[in-house]
Amino acid sequence: MDEKEDAGPSKPFSFEFSAEGMPKMMDALSYAIDIGYRHIDTAHLYRVEPEVGKIIDKKIKDGVVKREDLFITTKVWHHFHREADVEVSVRASLRRLNLDYVDLVLMHWPMSISQDGVDEKIDYLETWRGFESVLSKGLAKSIGVSNFNVEQMKRLLANCKVPPSTNQVEINLNLGQKELVDYCQANNVLIVAYSPFGTMVPSRSAPNSPEPKLNNPTMVAIGKKYGKSVTQVTLRYLYQRGIVSIPKTVTPSRVVENASIFDFELDKGDMETLAKFDNGFRTVRPFFWQDYQNYPFEKIPDKMEIPESLRIWKNGLNLDID
Ligand SMILES: NC(=O)C1=CN([C@@H]2O[C@H](COP(=O)(O)OP(=O)(O)OC[C@H]3O[C@@H](n4cnc5c(N)ncnc54)[C@H](OP(=O)(O)O)[C@@H]3O)[C@@H](O)[C@H]2O)C=CC1
Ligand SMILES: O=C1CO[C@H](CO)[C@@H](O)[C@@H]1O
């Protein structure tokens with residue numbers, strides 16, 4: 001393996017993954033597959049592909065699932081945006097995952113940032129040609145993007161040979177992204193919602209985070225009406241908008257809870273009530289990249305105090321993955 005394959009931006013950030021969190025996460029993944037989860041979302045960034053691969057391998061060897069039953073997504077990070085580097089990244093992920101192919105590979109962000117954190121200003125249309133090549137070689141069964149805004153989706157769809165199957169973006173009750181969802185769905189691009197709970201959950205919440213929280217009276221009342229939790233109502237709401245959610249939990253009971261959303265249907269009135277929570281509050285906003293070319297979100301004005309809940313990374317990110 002040449003060092004380019006697994007090198008990552010050694011500066012300016014240092015995002016420490018908690019090693020002790022790994023076993024819990026892997027136990028949760030193993031349990032999720034046992035109870036019926038089939039879509040696994042990972043990425044070069046997350047540094048867990050080898051462990052995900054081991055779990056998949058074991059579940060196939062134990063006869064719990066066949067490879068074709070699973071839908072594995074991984075993502076290409078910023079510093080592999082040269083057309084030829086996309087394949088380098090995907091082959092490295094396949095090696096770490098111990099797979100012959102992934103079902104979906106995503107361009108994690110539209111920005112291209114060097115391993116040293118420099119804004120390399122590579123056009124994502126060039127990067128996308130690398131994705132089309134990876135698809136043609138069978139390294140991925142489908143290709144998509146993540147964190148693309150409406151303008152970027154329009155430009156990509158107008159300048160590609162193979163359209164993205166998916167746009168994985170933050171969607172939750174705070175951030176409904178109606179214009180983006182409507183555009184993608186009108187153009188047969190599946191919307192996958194990351195951070196589907198937004199700031200509802202304590203790990204993402206801060207004193208100034210907007211409603212709804214887990215104890216929001218309106219949410220609790222709607223949940224009671226259907227015998228469901230606030231988080232199940234949230235995931236069902238997204239499902240009924242034609243959106244695939246990818247909630248994360250390391251808690252076994254929540255692994256079950258988050259999957260138990262297909263035995264009820266929110267009525268029209270409740271869907272309208274839930275839509276009213278939309279206030280545009282974005283949970284995942286890496287403001288440290290906001291001056292880079294193709295940064296997809298509105299910029300936070302310098303004078304505005306950046307709320308703690310937006311500072312998902314205190315120091316940033318270190319991708320020197322072995
Ligand atoms: N493409 C991209 O740029 C991004 C992709 N993603 C993807 O989306 C996935 C999910 O997003 P993430 O940001 O983790 O946020 P989520 O909205 O999935 O929230 C995860 C948090 O919610 C808690 N939680 C989960 N289920 C419940 C429940 N039923 N009741 C109460 N709390 C609950 C978890 O706690 P606990 O684990 O302790 O149970 C965890 O702290 C990520 O794992 C990643 O795969 C995420 C961000 C950006
Ligand atoms: O899960 C994640 C944590 O935040 C990163 C940057 O904001 C995301 O891109 C990533 O997928």
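All heavy atoms count here, side chains included; hydrogens, waters and symmetry mates do not. Heads up: numbering here begins at 1 and tracks the sequence. For ligands, and for the atoms within them, numbers begin at 1 and follow the listed sequence.
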Please determine if Trp77 has a nitrogen or oxygen closer than 3.5 Å to a nitrogen or oxygen of ligand 2. no
Could you go step by step and tell me if Lys75 and Asp41 meet the side chain to side chain contact (heavy atoms under 4.5 Å, CB included) rule? CA-CA 9 Å; Lys75 309 182 192 86; Asp41 182 83; 2.6 Å; yes
Between Asn187 and Gln185, does the side-chain hydrogen bond (donor to acceptor under 3.5 Å, both in side chains) criterion hold? Intermediate values first, please. CA-CA 5 Å; Asn187 288 278; Gln185 290 180 342; over 6 Å; no
Compute both the distance and the angle, then confirm whether Arg155 meets the cation-pi test with Phe148: under 6.0 Å from the six-membered ring centre, within 45 degrees of the axis. no
Does ligand 1 have a heavy atom under 4.0 Å from the side chain of Asn172, from its backbone, from both, or from neither? neither
Please state which protein non-hydrogen atom is closest to atom 29 (N) of ligand 1 and give its distance, to 0.1 Å? Asn258 OD1, 2.9 Å
Answer with yes or no whether Ala43 contacts ligand 2, where contact means a heavy atom under 4.0 Å from a ligand atom. no
Going by the atom numbers of ligand 2, which of them fall below 4.0 Å from some non-hydrogen atom of Val284? 7 (O)
Going by heavy-atom distance to atom 41 (O) of ligand 1, choose the closest among Ser245, Ser203, Ser229. Ser203
Out of Trp289, Tyr194, Trp109, the nearest non-hydrogen contact to atom 9 (O) of ligand 2 is supplied by Trp109
Fit a plane to each ring of Trp128 and Phe131, take the angle between them on a 0 to 90° scale, and name the class: parallel (under 30°), tilted (30 to 60°) or perpendicular (over 60°). parallel
Enter the distance from His79:NE2 to His81:NE2 here, rounded to the nearest 0.5 Å. 9.5 Å
Value rounded to 0.5 Å, distance of CG in Leu29 from NZ in Lys59: 8.5 Å
Near Thr251, which atoms of ligand 1 are under 4.0 Å from a heavy atom of that residue? 36 (P), 38 (O), 39 (O)
Determine, for Tyr226 and Arg236, whether the Lys NZ or Arg CZ falls below 6.0 Å from the six-membered ring centre while staying within 45 degrees of the axis. no
Answer side chain, backbone, both or neither: which part of His108 comes under 4.0 Å from ligand 2, heavy atoms only. side chain
Give the single entry among Trp109, Phe197, Tyr194 that approaches atom 47 (C) of ligand 1 most closely by any heavy atom. Tyr194
Give the atom numbers and elements of ligand 1 that come within less than 4.0 Å of a heavy atom of Pro247. 18 (O)
Indicate yes or no for a side-chain donor-acceptor contact from Asn149 to the backbone of Glu151 under 3.5 Å, with no hydrogens or angles considered. yes
Do Thr127 and Glu83 pair up side chain to side chain, a donor and an acceptor below 3.5 Å, judged on atom types alone? no
N or O contact, Asn147 vs ligand 2, cut-off under 3.5 Å: no
So, Glu49 versus Ser93: side-chain donor-acceptor pair below 3.5 Å or not? yes
Does Met111 belong to the same Ile/Leu/Val/Met/Phe/Trp/Tyr cluster as Leu125, with side-chain heavy atoms less than 4.5 Å apart forming each link? yes
of all protein heavy atoms, closest to atom 3 (O) of ligand 1 is Asn147 ND2, 2.9 Å
Record the part of Arg204 in heavy-atom contact with ligand 1 below 4.0 Å; permitted values are side chain, backbone, both and neither. side chain
Is Tyr46 touching ligand 2 with its side chain, its backbone, both, or neither, if touching means heavy atoms under 4.0 Å apart? side chain
Please report the interatomic distance NZ(Lys161) to CG(Leu135), rounded to the nearest 0.5 Å. 12.0 Å
N/O of Val250 under 3.5 Å from N/O of ligand 1, yes or no? yes
Any N or O of Val201 that comes nearer than 3.5 Å to an N or O of ligand 1? no
Using a strict 4.0 Å cut-off to heavy atoms of Thr231, name the atoms of ligand 1 that fall inside it. 28 (C), 29 (N), 30 (N)
Between His44 and Phe80, is the side chain to side chain contact (heavy atoms under 4.5 Å, CB included) condition met? List the steps. CA-CA 11 Å; His44 178 187; Phe80 284 90; 3.6 Å; yes
Provide the number and element of each atom of ligand 1 under 4.0 Å from a heavy atom of Ile246. 7 (C), 8 (O), 9 (C), 10 (C)
Side chain, backbone, both or neither: which applies to Leu106 and ligand 1 if a contact is any heavy-atom pair less than 4.0 Å apart? neither
Using heavy-atom distances only, which candidate in Glu257, Arg254, His108 approaches atom 27 (C) of ligand 1 most closely? Arg254
heavy-atom search around atom 42 (C) of ligand 1 in the protein gives Lys248 CB, 4.2 Å
Could you check whether Arg282 pairs with Glu298 (Lys NZ or Arg NE/NH1/NH2 to Asp/Glu carboxylate O, under 4.0 Å)? yes
Where does Asp41 meet ligand 1, judged by heavy-atom distances below 4.0 Å: at the side chain, the backbone, both, or neither? both
Ser195 to ligand 1: N or O pair under 3.5 Å? yes
Could you list the atoms of ligand 2 found under 4.0 angstrom from a heavy atom of Leu45? 10 (C)
